[in-house]
Number of protein chains: 2
Amino acid sequence: MASDQTRTAILAAAERLYADRGFGDVTLRDIVAEANVNLAAVNYHFGSKDELIAELFITRSIQLNRERLRLLQAAEEAGDGRASIDAILRALVGPTLRGCLGPENQRSTAARFMIRVSIESVPPIRRIRNREIDHLRKFIAAMRRSLPGHSDVELYWGLHFALAMAQQTVRDSERLKKLSEGKCDVDDVDGVIERVVTVAAMALTMGDATSKAPPRMLARDAR
Amino acid sequence: MASDQTRTAILAAAERLYADRGFGDVTLRDIVAEANVNLAAVNYHFGSKDELIAELFITRSIQLNRERLRLLQAAEEAGDGRASIDAILRALVGPTLRGCLGPENQRSTAARFMIRVSIESVPPIRRIRNREIDHLRKFIAAMRRSLPGHSDVELYWGLHFALAMAQQTVRDSERLKKLSEGKCDVDDVDGVIERVVTVAAMALTMGDATSKAPPRMLARDAR
DNA sequence: TTGCATTTCAAACATTTGTATGAAACTATC
DNA sequence: GATAGTTTCATACAAATGTTTGAAATGCAA
């Protein structure tokens, strides 16, 4: 109980190093050097290197999921139990994008760490990832309430695509910047969020007003 | 000149193992055992492990890019130099999705290897990735011809989102299957392609018919 | 066959890695 | 202030890994 000084120092140092240099070339020795603690401290406090990584990831994931759910609940309450699809999607992708985009020097270590996670994905993390599904189901449920009449399949695809656009933007924002020669402003976080939400919402609702939907979508929906 | 038997045996074995077990836990010794060659053969023929990985990735990338460009050219010729945006997007995401989705036991080693690449992304590969930009510019050019009057920024975002949806579907098809309890048929490759193309095309053209566009998009476009 | 270049092979090397050990230092309780 | 429990530390361990080496084998031309 006394000193989790060492513990927290290790966690902080590890997160900083992983964020900066990736999982691949950060060793325990790097971490303990950065944290100014003894080599054996990691195994003493965490059991193993993998458990250290897992704890880091779990902590940040819980924070992320909590924030998402907070926004989702707020949106549903504001809409008397039925949130707009835009609000739901914003609750889903907003926290990720807000955390991981924006001017580089303003990004928190936590955010940069989560970017790494999405780029490199090391075994101990991949094992945990599966638990995310239960969390996503809550969003599916909210979407079902928001868009009654829509088939579940469409909801799943919509959520999948929304996450895809958010994730890839985080992961590959550099490529987009280079490709567009800076014309795409990835640092305008709110702009990016609206973009992702708009496209995803449109994908979800395009079957709605049948007259406006492009023919090929009707064709597929009918199949 | 004589025997690139060994060379090709190594390449084949490496691709198979990487595809099956990931870059993380495949060692040179695993590879040479699978290929039935001597340990030193890899360094003799390729210089280093990283160069072996790089060669594998480059080979497959070139094949992918060639296929994409072939489809793009065909589409542009069919449209007298101006392809439909759908055809362009199909040329962009089709090869990836066709290669990497579909019933697991039907996937080629090459396809499974490229899935691994998109999941794990190891340093020697990341170094090469940047060259992809020149290739993507050709698609931007085609999109410009297809949708004159659209701002470049919108084209970049559209291409980015299209790739995002395709990539994430490849990378996380398992999660989507689990989440949807099998209701989303990721093995229906053509269906997936149409889905991605439709959403991306819609994202690109939504500013078109101003009357139909949701207000917030107009707001952003005007800014 | 001779001679030269290429290729293969077994073995060793040199590091790097995460982890374990056991003694020492520290802390808090009685 | 003695004692028991916790934490720190230097060091060693064991295993894995990519790479190198130098000799043997092989292929091939003259």
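Residue numbering restarts at 1 for every chain, and letters A, B, ... go by the order of the sequence lines.
Taken to the nearest 0.5 Å, the CG atom of A:Leu56 stands 11.0 Å off from the OG1 atom of A:Thr109.
Residue A:Ala40 is classed as a base contact, given a heavy-atom separation below 4.0 Å to a base.
Here the nucleotide nearest the side chain of A:Thr6, chosen from D:dT8, C:dT8, D:dT19, is D:dT8. Nearest to the side-chain atoms of A:Asn38 among the listed nucleotides C:dT8, D:dA10, D:dA12 stands D:dA10. In this structure, of D:dT20, D:dT17, C:dG18, it is C:dG18 that holds the atom nearest to the side chain of A:Lys49. When distances run from any side-chain atom of B:Arg29 to the nucleotides C:dA10, C:dG18, C:dA12, the shortest one goes to C:dA12.
Taking atom CG of A:Asn36 as the reference point, atom P of D:dC9 lies 10 Å away to the nearest angstrom. Nucleotide D:dG18 holds its P atom 11 Å from the CG atom of B:Leu52, rounded to whole Å. As rounded to whole Å, 8 Å separates atom C1' of D:dT19 from atom CG of B:Leu39. Protein atom OH of A:Tyr44 is 7 Å distant from nucleotide atom P of D:dT8, rounded to whole Å. We find that CG of B:Leu28 is positioned 4 Å from P of D:dG18, with the value rounded to whole Å. Regarding A:Asn43, its CG atom lies at a distance of 14 Å from the C1' atom of D:dC9, rounded to whole Å. The interatomic distance linking B:Ile31 (CD1) with D:dA16 (P) rounds to 17 Å, in whole Å. Distance, A:Phe23 CZ to C:dG18 C1': 17 Å, rounded to whole Å.
Under the 4.5 Å side-chain criterion, counting only non-hydrogen atoms from C-beta, A:Trp157 is in contact with B:Leu176. For the pair A:Glu76/A:Arg145, a side-chain contact is recorded, criterion being any heavy-atom separation below 4.5 Å from C-beta on.
Between B:His160 and A:Thr169, the side chains place a donor N or O and an acceptor N or O closer than 3.5 Å (distance only, hydrogens not considered). Side-chain N/O atoms of A:Gln63 and A:Arg68 include no donor and acceptor closer than 3.5 Å.
Checking the phosphate oxygens (OP1, OP2) of C:dT8, a side-chain nitrogen or oxygen of B:His45 falls inside 4.0 Å.
The residue among A:Asp30 and A:Gly47 whose nearest nucleotide of DNA chain C is located toward the 5' end is A:Asp30.
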